[in-house]
Amino acid sequence: MAQLTMVQAINLALRQEMERDDRVVVLGEDVGRDGGVFRVTEGLLERFGAERLIDTPLAESAIVGAAIGMAAYGLRPVAEIQFMGFIYAAVDQLFAHAARLRSRSRGRYTCPLVVRTPYGGGIKAPELHEESTEAFFCHMPGIKVVVPSGPYSAKGLLTAAIRDPDPVLFLEPTRLYRMMREEVPEDDYTLPLGQARVVREGTAVTVIAWGGMLERVLKAVVPYDADVIDLLTLNPFDGATVLASVRKTGRAVIVHEAAKTGGFGAEIAATIAEEGILHLRGPVLRVAAPDVTMPLPKMEEHYLPGVEQITRTIDEVLRY
Amino acid sequence: MAQLTMVQAINLALRQEMERDDRVVVLGEDVGRDGGVFRVTEGLLERFGAERLIDTPLAESAIVGAAIGMAAYGLRPVAEIQFMGFIYAAVDQLFAHAARLRSRSRGRYTCPLVVRTPYGGGIKAPELHEESTEAFFCHMPGIKVVVPSGPYSAKGLLTAAIRDPDPVLFLEPTRLYRMMREEVPEDDYTLPLGQARVVREGTAVTVIAWGGMLERVLKAVVPYDADVIDLLTLNPFDGATVLASVRKTGRAVIVHEAAKTGGFGAEIAATIAEEGILHLRGPVLRVAAPDVTMPLPKMEEHYLPGVEQITRTIDEVLRY
Amino acid sequence: MPEEVLATFTVRRLSILNESGDADEGLMPPLSDAEIRRMHELMVLARTFDERALTLQREGRLGTYPPILGQEAAQVGSALALHPADWVFPSFREMGVHLTLGYPIHLLFQYWAGDGRGLRTPENLTIFPICVSVGTHIPHAVGAAMAARYRRDPVAVCCFFGDGATSKGDFHEGFNLAGVFRLPVVFICQNNQWAISVPLQRQTAAATLAQKAVAYGFEGVQVDGNDVFAVHRAAREALDKARSGGGPTFIECLTYRMADHTTADDAARYRPQEEVETWRGRDPILRLERFMTQRGLWSEEYARETKEAATKAVDEGVRTMEASPPPAPEELFDHTGATLTPRQAAQRKEP
Amino acid sequence: MPEEVLATFTVRRLSILNESGDADEGLMPPLSDAEIRRMHELMVLARTFDERALTLQREGRLGTYPPILGQEAAQVGSALALHPADWVFPSFREMGVHLTLGYPIHLLFQYWAGDGRGLRTPENLTIFPICVSVGTHIPHAVGAAMAARYRRDPVAVCCFFGDGATSKGDFHEGFNLAGVFRLPVVFICQNNQWAISVPLQRQTAAATLAQKAVAYGFEGVQVDGNDVFAVHRAAREALDKARSGGGPTFIECLTYRMADHTTADDAARYRPQEEVETWRGRDPILRLERFMTQRGLWSEEYARETKEAATKAVDEGVRTMEASPPPAPEELFDHTGATLTPRQAAQRKEP
Ligand SMILES: Cc1ncc(C[n+]2csc(CCOP(=O)(O)OP(=O)(O)O)c2C)c(N)n1
Ligand SMILES: Cc1ncc(C[n+]2csc(CCOP(=O)(O)OP(=O)(O)O)c2C)c(N)n1
Ligand SMILES: [Mg+2]
Ligand SMILES: [Mg+2]
């Protein structure tokens, strides 16, 4: 077992799945020769050749669209969108097609496709390189949305995503790519999609987060008796784990780095308001970015929720 | 004052704004000679000529993209996407550009653009002709989302949308196009964006809806002492009106025809859970379509929330 | 500007069978009499299906329907060039392709009646579901071709679309990918000269659609789309080329949409009746019948039998379609994913 | 297939100034000595800016930066053909265009330092904000051209992008629209032969990018992008044509990206150093200097003064940029909409 970064863990997952299953192919911009702009696919071209590590032209809709055709034909494509800010051009292929191929054909054709993309803020990158609009994709039945929060979960979830019989959007928190190392087994393991992870147990408040925010949440909760839930899969999300925790603590704080209005925190809060309200002692609070688009680097720390903001919100809900 | 259908009301709004302001131009597929597939732009080509009623090639991204350029140049384009199911191809232009032009240029360029599109179910149309994925667009700061619920609100809101200095997505509930007539003044009037309408006052439960569902809600609430709120603008939505009502009634039911998970009902419920929870007597319930994509016509009534389902949910919340 | 010439491109047009039914024997594809009759029978079946669909729609037994009248040669001629293992990616106006390939008639009707179960392609066929969103299936075809090549499968992929589709970004991105990877794919555009109310000259300033292939570094050719022999020959050559590693081809079938865009449309609002009349004279079935008459392949009796067989098949399709019970409400949940999400499972149980 | 030829297209290449600095006098655009010196000075300014940006980035004073080294002729030559009222839609690698048009140097630096305020174009210029999302600004340029035409404004719109952008759907949809409406727009592609690690031959199977205009029914031409006279002449003619109602033109400037894609990239991973060396010999500034020497427009002193002036302007830009206070946190909310939403107003007040 080795201490790996998230980039290495994802690379390992791809490598192992490609070894295991010749249906797995990777396509995207600069994924081959260059090994990806974050080096996530480094060394895979050398190992698997240009037929399985496909450098495509600069065309996001075609990357996802072609991957749909490949998936329907029987392959297991893993498409990379270079940054989440460029996935919008592929939304039509994702929503009108990937999500619906199985239902449109009443099960005759399926779409076992993974779309990977770096996402989230905090890396001081140019415009559109730090989007965190995961909520868009959580309102489309037929697509799963998965967000790892570290190297270990990245490998286990990506392996599960590649083996999943349906399309999965796999969002990789860019800020975490090299921020930490974790023990990541060489062995084949998967983490089940749709299952949250209780990272820390407590009884006073439930704090729910995913991806790049989890690290900040874990810093913020140190002085509190908090249950911390790492959602891992956003769609379908693990309502049972969330509700069990809220029933125990009676208080909920949801943290995400996307703009507040319409963010995925809304769905979690709504679910709690619908199914857990009788156990609540106070409001369900959301810590989120303000309702503006991601600014350029000089402003990004004013935008992203910080530890202090999380602490303040926990304090607020503890007043009830 | 005349009794108009929604199609006529929208046509009148377009005509009057085009008379009033030569910056207003209409572009889209079949909007000119054909007068639009729903006849919404009927007669406008004859009145304003092909320079202002622009039949475009079949290219949704270019329709919105070109409209952005026109708006930045100083016009007030009204772009039509023929059905909401085809707007996904324009999401990149909407999210990466229309929403951000003002902030990207720090106010130097603006984007006073309206994108109109028929939306929603219940018309027994082919696949992708009955989408109601309004929630996607409510998570993008910089874009307003407006949904009229009848001829009168359609004219007032569309006029306001055209005069708005920022991009507005104007969703026209297709099912209502010719379902009802209302008194619609010839006179110039606007309904302010961002303001909900209390359609009916009551004290036992707040029912919140918009667009095509309002009509069903109004049928369902007849026997109840219900406050009914027609949201009209989804982003930015009128939280104050919603919260004032919930404070009064202590109970909330939100009705929308989109799939439940991640639908805009989540944001309303979350807002109530955050800011109105102390006044709640029971759970905030959502009546929504199930988490599947819109089916073909033979199944559509199994998909769309019906009067009975609304009634049942009101009964449920009244038990608290 | 006087400059160095870097490259020259030509766009060619293939036609074999003229309106009088005379064929250029030098260009005729190798077809036996039986095969020619089969072509004709399928075109008659396609037209019979189409006529019935319009009737059923008027009677409220089908939903919105897009007629194929006038495009039978483009559809049957090209589909007859396909091999059973080839993959087909249709748009929404290729019922002649479906019928030629043996897609069950009752399923076609079922789909157009608004019942999604009609889109479940039988296991023996590799036809993708009808694509309503114009042009967006082109990348799927390209992806399937990538997969076929990766698998070393000796198959071609064939993708159908209309003139309007050539304006979409996905047309471009897909074509470009096909060119870069020299994929085994044949693109067949039925240029019926209208995209609802938008005529070809407002769809593009290019004089032909075929020339759009120049942008992607592969061959584009225009054929007379009402000439079943020209269509068949071009499709056969392009499919053979694709299967043998020669890369993609773009075939523009110049034809005409004789009917309204769909049953929800009224073409009289936007196009002159004379144009329609001009094209009526170019009817693809009439033309083939003239040829068959010259060849001695046509007789009153043959014609009657052909029409009867078509009518019978269509009748049966309608009967089977209408005998199938309506979908059960729970079927809503059947194919969103391989398994139900917890929330879907709960929703499925709701009254 | 033997067939009728419908149309023939040729793609031409314009070059005027060769690597030795000899110009084809017959093709030379009309330029005074002062104008030629101005060209040179701007190219030197562009290079000086670029060198400084790289230094600043290494020192942590700028963020990720995309160098323009080697593309100065394509940028300065074309930008000098613009009129003040023309509208310009840049991508992200046209700082030479900005500098030629007089975009304040400190704002350019501010933007690349990660401060959005640098993108507020001064009122006297009509340059659109830098577009990071490749190719997606092409429809904006087309829309602006539609608006200009509607207003009867005698202006041209000029849109810049790279070779990678030609693969995007928006390139296609925008070009097609420009063709259909014969709009006053000039598309200038700096084909620097790489899109990050993807070489031109993997970007498209077309032999030239210029030929892509065939698909849209308007003229495409390739020019030697390291030849400032050829670029200038082609741009001037195309812009004049656009302003006088002649419709769109596509100009492919064949050039080379001499540096890494950005400061975050390492081109040595994917391309041979020899290729870069070959292109070093084709340096656009060197070539112009050789021409100027032959013409007696160049001297050691002129060269020194030019470099000094450029350095001074860039120094001043850096100083002004670094003297500007950082943005205040509340500025986050300043320009999302004309007014704040109630929720934004509340968020703005939060600590
Ligand atoms: C992406 C998209 N935009 C708009 C529509 C609405 N629509 C349906 S068919 C059609 C015209 C299609 O024209 P063409 O591609 O020439 O095919 P044809 O109908 O002539 O067979 C339009 C605009 C659609 N289905 N998909
Ligand atoms: C739509 C989109 N996809 C991906 C990227 C990431 N990216 C930035 S530049 C670039 C290559 C651009 O190549 P080209 O158009 O040739 O311009 P150049 O960088 O050579 O100037 C890529 C892939 C992007 N910015 N936008
Ligand atoms: Mg057509
Ligand atoms: Mg390039």
Side-chain angles (χ1 to χ4, degrees), chain B residues 22-23 25 27 50-52 54-75 77 79 89-90 92-93 95-113 141-144 164-167 194 235-240 271, chain D residues 87 89 116-123 125-133 136-151 153 155 157 159 168-170 172-181 183 185 327 331-344 346:
Chain B
D22 73 356
R23 295 173 303 174
V25 300
L27 70 163
E51 269 195 331
R52 295 183 70 190
I54 305 167
D55 274 327
T56 65
L58 204 164
E60 282 76 13
S61 186
I63 290 170
V64 174
I68 291 169
M70 297 170 103
Y73 195 93
L75 304 188
D92 193 28
Q93 286 296 337
F95 287 3
H97 293 297
R100 297 176 212 232
L101 182 56
R102 182 189 283 275
S103 61
R104 180 177 296 150
S105 69
R106 305 314 287 163
R108 168 66 201 278
Y109 296 103
T110 61
C111 193
L113 156 70
I143 296 183
K144 299 190 176 74
D164 195 86
D166 289 307
N235 196 26
F237 82 105
D238 186 353
T271 300
Chain D
W87 280 57
F89 290 76
R117 295 173 303 175
L119 272 199
R120 185 176 170 106
T121 305
E123 300 298 326
L125 298 174
T126 38
I127 307 180
F128 228 54
I130 281 175
C131 180
V132 166
S133 180
T136 58
H137 59 312
I138 295 174
H140 309 162
V142 172
M146 289 174 85
R149 221 248 303 277
Y150 173 60
R151 286 308 193 193
D153 292 341
V155 306
V157 172
C159 184
K168 281 286 283 184
D170 275 350
H172 177 70
E173 296 195 4
F175 267 54
N176 190 48
L177 212 57
V180 166
F181 294 110
L183 295 173
V185 56
E331 287 185 41
L332 253 189
F333 295 90
D334 275 2
H335 298 292
T336 299
T339 50
L340 294 180
T341 67
R343 193 169 270 182
Q344 285 169 338

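Throughout, protein chains are lettered first and strands after them, A, B, ... in sequence-line order, and every chain is numbered starting at 1. Please read these numbers as outputs of a predicted model, since none were measured by experiment.
Atom CZ of residue D:R151 and atom CE of residue D:M146 lie 13.5 Å apart, to the nearest 0.5 angstrom. Put simply, CG on B:L113 and CD1 on B:I143 are 8.5 Å apart, with the number rounded to the nearest 0.5 Å. For the atom pair CD1 (D:I138) and NE2 (D:H172), the distance works out to 12.0 Å, reported to the nearest 0.5 Å.
Each of D:V142, D:N176, D:T126 has some count of heavy-atom pairs under 4.5 Å with chain B, and the biggest count is that of D:T126. Comparing B:D92, B:I63, B:L101 by how many heavy-atom pairs each has under 4.5 Å with chain D, the most go to B:L101. Between chain D and the options B:S61, B:G142, B:P77, B:A96, heavy-atom pairs under 4.5 Å are most frequent for B:S61. Ranked by heavy-atom pairs under 4.5 Å with chain B, the first of D:G116, D:A148, D:S133 is D:A148. Each of B:E51, B:K144, B:Q93, B:R108 has some count of heavy-atom pairs under 4.5 Å with chain D, and the biggest count is that of B:R108.
Only the backbone of D:I130 comes within less than 4.5 Å of a heavy atom of chain B; no side-chain atom from C-beta onward does. With a 4.5 Å cut-off on non-hydrogen atoms, B:V25 touches chain D through its side chain but not through its backbone. Residue D:L340: no heavy atom, backbone or side chain, is found under 4.5 Å from chain B. Neither the backbone nor the side chain of D:A141 comes within less than 4.5 Å of any heavy atom of chain B. Neither the backbone nor the side chain of B:D164 comes within contact range of chain D, judged by heavy atoms closer than 4.5 Å. Using a 4.5 Å cut-off between heavy atoms, B:P141 contacts chain D through both its backbone and its side chain. Proximity to chain D is absent for every atom of B:L58, based on heavy atoms less than 4.5 angstrom apart. No part of D:L183 comes within reach of chain B, as not one of its non-hydrogen atoms sits under 4.5 angstrom from that chain. If you measure heavy-atom distances from D:A145 to chain B, you find no contacts under 4.5 Å at all. Of the atoms belonging to D:R117, heavy atoms from both backbone and side chain fall under 4.5 Å from chain B. Neither the backbone nor the side chain of D:F89 comes within contact range of chain B, judged by heavy atoms closer than 4.5 Å.
Counting only heavy atoms from C-beta outward, the side chains of D:L177 and B:P57 approach each other to under 4.5 Å. At least one side-chain heavy atom of B:T271 sits under 4.5 Å from a side-chain heavy atom of D:R343.
Of the possible polar contacts, one joining the D:R149 side chain to the D:F181 backbone as a donor-acceptor pair under 3.5 Å is found. Checked by atom type and distance alone, the side chain of B:S103 pairs as donor or acceptor with a backbone atom of B:R100 at under 3.5 Å.
Taking all atoms of both residues into account, the shortest heavy-atom contact from B:P165 to D:A338 is CG-CB, 3.5 Å.
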Go through B:Y109 and B:R104 one step at a time and tell me if the side chain to side chain donor-acceptor pair (under 3.5 Å) criterion holds. CA-CA 8 Å; B:Y109 296 103; B:R104 180 177 296 150; over 6 Å; no

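Ring geometry for B:H97 against D:H140 counts as perpendicular: the plane angle is over 60°, on a 0 to 90° scale with 30° as the lower cut.
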